[in-house]
Amino acid sequence: MADLKGRDYIETNDLTQDELDLLLDTTTELKEKFHRGEPTQLLPHQTAFLLFFDKSTRTRNAFEAGMTQLGGHAHFLDADVTQISHGETPADTGKILASMGHGICIRHDLILDQGNRYMREMAQASDVPIINMQCDVDHPTQTLADLQTMRELFGTDLAGKKIAVSWAFAPSYAKPLSVPQGLITLMTRFGMHVTLAHPPGYNLVGRTLEAAKMNASASGGKFEIVDDMDAAFENADVVYPKSWGVYDLMLARQNATTKEEIGENQQACLSMNAKYKDWICDDRRMKLAKKSAVYMHCLPADRGSEVTDSVIDGPQSVVFPEAENRLHTAKAIMACTMRERPFS
Ligand SMILES: CC(=O)N[C@@H](CCCN)C(=O)O
Ligand SMILES: NC(=O)OP(=O)(O)O
């Protein structure tokens with residue numbers, strides 16, 4: 001029987017199918033108890049440290065409220081006001097926090113090739129679970145909530161259901177790749193037909209594409225990449241359009257040293273995005289998907305760019321139940337990694 005006690009949750013691909021099922025079943029149990037008003041104090045007197053290098057609304061509050069509901073305490077840490085900003089290493093920081101609490105949750109998503117590495121280095125050195133609240137590679141607490149939401153809508157057998165994970169226009173510089181990468185990696189585990197759509201140049205990182213291909217072939221699902229948002233939406237059960245950045249331009253920006261270089265890079269990103277302003281999820285595109293299709297987004301969404309108000313506020317949108325599921329999945333991940341299996 002699967003048991004995640006003491007384990008890290010850094011990428012969904014680190015877990016077996018049984019382990020993912022344990023997290024989903026625990027989520028359902030915790031959610032039902034929450035709605036019945038029953039206590040779920042599975043982690044009394046435990047502390048989870050929440051270390052944020054970047055901003056958050058949903059994730060921080062899901063983990064803080066979630067830990068209260070589990071009977072423990074979530075301690076918020078802004079990386080900028082810790083000694084990390086003076087160069088203290090992930091190994092040292094991890095050892096110290098592990099000696100004082102029971103789990104360390106980290107968001108470190110905006111710097112390519114750093115967030116995932118930071119979490120892996122801390123995990124090597126610390127003997128409490130490390131939970132990834134979004135890194136440069138994956139956003140596994142988001143995608144688990146997305147999977148939970150789909151299971152609630154379509155039943156636990158998602159085999160053959162089509163999800164369109166599409167790039168969408170945003171007037172901002174560059175959003176992380178972790179959400180689309182996490183989605184194609186996880187949804188292909190469940191036999192889903194995953195279509196990734198993006199304009200030329202907006203490629204995801206190779207190892208996540210490889211993982212999606214392998215997962216699809218192992219589960220009997222499908223994984224394809226197209227450069228046409230309409231084609232991706234055709235006959236979809238779920239549409240998940242969101243913006244992300246151009247990897248090479250994001251990397252160039254990280255390496256830029258002068259104000260001029262940064263300015264030029266930013267301009268290049270904005271003008272590249274602007275070529276694809278018509279990549280918006282609107283009522284016309286929703287009609288290409290199945291009548292029963294749902295619109296999903298991790299939020300925050302760029303209204304008027306990624307999606308029209310009529311779609312995100314319309315009858316096919318499930319973004320608010322999806323966001324609520326961040327709470328119940330966060331509790332399940334903490335409860336399953338910070339103690340033995342909670343419900344038999
Ligand atoms: C603006 C920004 O960094 N957005 C992030 C955070 C939202 C997490 N789902 C993103 O779109 O990936
Ligand atoms: N979806 C998500 O991760 O939201 P936050 O950035 O607000 O945490």
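Read the numbers this way: they start at 1 and go in the same order the structure lists the ligands and their atoms. Quick note: residue numbers are just sequence positions, from 1. For the numbers below, each heavy atom of this structure counts, side chains included, while hydrogens, waters and symmetry mates do not.
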S.K.: Flag the pair E210 and K213 as a salt bridge only when some basic side-chain nitrogen lies within less than 4.0 angstrom of an acidic carboxylate oxygen.
M.R.: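 Yes, this pair counts.
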S.K.: Would you please say whether a donor-acceptor pair under 3.5 Å links the side chains of N273 and Y202?
M.R.: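 On atom types as modelled, these side chains qualify, holding a pair under 3.5 Å.
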S.K.: Give a yes or no on whether a salt bridge exists between E324 and R58, defined as a side-chain N under 4.0 angstrom from a carboxylate O.
M.R.: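 Not counted as a salt bridge, because no side-chain N and carboxylate O are separated by less than 4.0 Å.
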S.K.: Using heavy atoms and a cut-off under 4.0 Å, could you grab the residues that are in contact with ligand 2, chain by chain, numbers ascending?
M.R.: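 Ligand 2 is contacted, at a heavy-atom distance under 4.0 Å, by S56, T57, R58, T59, R107, H139, Q142, C298, L299, R326.
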S.K.: For the residue pair Y118 and F53, does the interplanar ring angle fall in the parallel (under 30°), tilted (30 to 60°) or perpendicular (over 60°) class?
M.R.: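 The arrangement is perpendicular - the two ring planes meet at more than 60°.
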S.K.: I'd like the contact residues of ligand 1, where contact means a heavy atom below 4.0 Å.
M.R.: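 Shell around ligand 1 (4.0 Å, heavy atoms): Q134, H139, K175, P176, V179, K242, C298, L299, P300.
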S.K.: Take R7 and D14, measure what salt bridge (charged side-chain N to carboxylate O under 4.0 Å, His left out) needs, and give me the verdict at the end.
M.R.: CA-CA 10 Å; R7 288 275 300 283; D14 299 335; over 6 Å; no
S.K.: Surrounding CD of E88 (heavy atoms of other residues, nucleotides or ligands, distance under 6.0 Å), is the total greater than 12?
M.R.: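 Yes.
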S.K.: Under a 4.0 Å N-O cut-off, is there an ion pair linking E121 with R117?
M.R.: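 Salt bridge flag = no for R117 with E121.
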S.K.: On the 0 to 90° scale, with breaks at 30° and 60°, tag the Y276-W279 ring pair as parallel, tilted or perpendicular.
M.R.: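 Aromatic pair Y276/W279 classed perpendicular.
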S.K.: Under a 4.0 Å threshold between the charged nitrogen and the carboxylate oxygen, would R303 count as salt-bridged to D309?
M.R.: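 Yes, this pair counts.
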